[in-house]
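Owing to the predicted nature of the structure, the values given are computational and were not obtained by experimental measurement. Quick note: numbers below take in every heavy atom, side chains included, and nothing from hydrogens, waters or symmetry partners. By convention here, the first residue in the shown sequence is residue 1.
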Amino acid sequence: MGFRLRFQFPDCRTLKDRRSRVASLIQYAKARHGFSAADFSEPLQPDYAEVGFAAVGRTVEEIRGRLDRVIGAAENKGETHLLGVEEFALED
């Protein structure tokens, strides 16, 4: 499954701040929950990010549960607001 998450970081004033926040989120998702991830953010918006995640698992519910834990961790780390999630499922 694939996901595109859109975040807003109201306290990020520079691109360096945003990159640091997104890099931390991606590292956590990879290391703790087995996601592949990439930053698709617009380069000129320091308070906004789009991050793509992909994962495989036994069930859709299991993958969504892992994503929920990643989102929860992101929202617990400072000022982070989830603006939206797009889901892409691959069929057999």
Open item on the list: Between Glu86 and Arg6, is there a side-chain heavy-atom distance shorter than 4.5 Å?
Closed with: yes

Open item on the list: Using only atom types and a distance under 3.5 Å, with no angle test, would you say the side chain of Glu62 pairs donor to acceptor with the backbone of Arg58?
Closed with: yes

Task: Donor-acceptor contact below 3.5 Å, side chain Arg18 vs main chain Gln45 - done: yes

TODO: Flag the pair Glu79 / Phe9 as yes when at least one side-chain heavy-atom distance between them is below 4.5 Å, and no otherwise.
DONE: no

Open item on the list: Can a donor-acceptor pair be found, under 3.5 Å and without considering hydrogens, that links the side chain of Ser41 to the backbone of Glu50?
Closed with: yes

Task: Residue pair Pro10 / His81, side-chain heavy-atom distance below 4.5 Å - done: yes

Task: Asp11 side chain near Asp47 side chain, heavy-atom distance below 4.5 Å - done: no

Open item on the list: Does this structure show an ion pair linking Asp39 with Arg21, if we count only N-O contacts that are shorter than 4.0 Å?
Closed with: no

Open item on the list: Both conditions, 6.0 Å and 45 degrees, for the charged tip of Arg66 above the ring of Phe35: are they met here?
Closed with: yes

TODO: Report yes if some heavy atom in the side chain of Arg64 is under 4.5 Å from a heavy atom in the side chain of Glu87; otherwise report no.
DONE: yes

Task: 4.5 Å side-chain heavy-atom contact, Phe3 and Ile63 - done: yes

- [ ] Check step by step if side chain to side chain contact (heavy atoms under 4.5 Å, CB included) holds for Phe7 and Leu25.
- [x] CA-CA 11 Å; Phe7 292 100; Leu25 172 65; 3.6 Å; yes

- [ ] Step through it carefully: locate the ring centre of His33, locate the ring centre of Phe53, and say whether they are under 6.0 Å apart.
- [x] no

Task: Cation-aromatic face contact Arg4/Phe88, 6.0 Å, 45 degrees - done: no

Task: Polar side chain donor-acceptor pair, Thr14 to Asp17, under 3.5 angstrom - done: yes

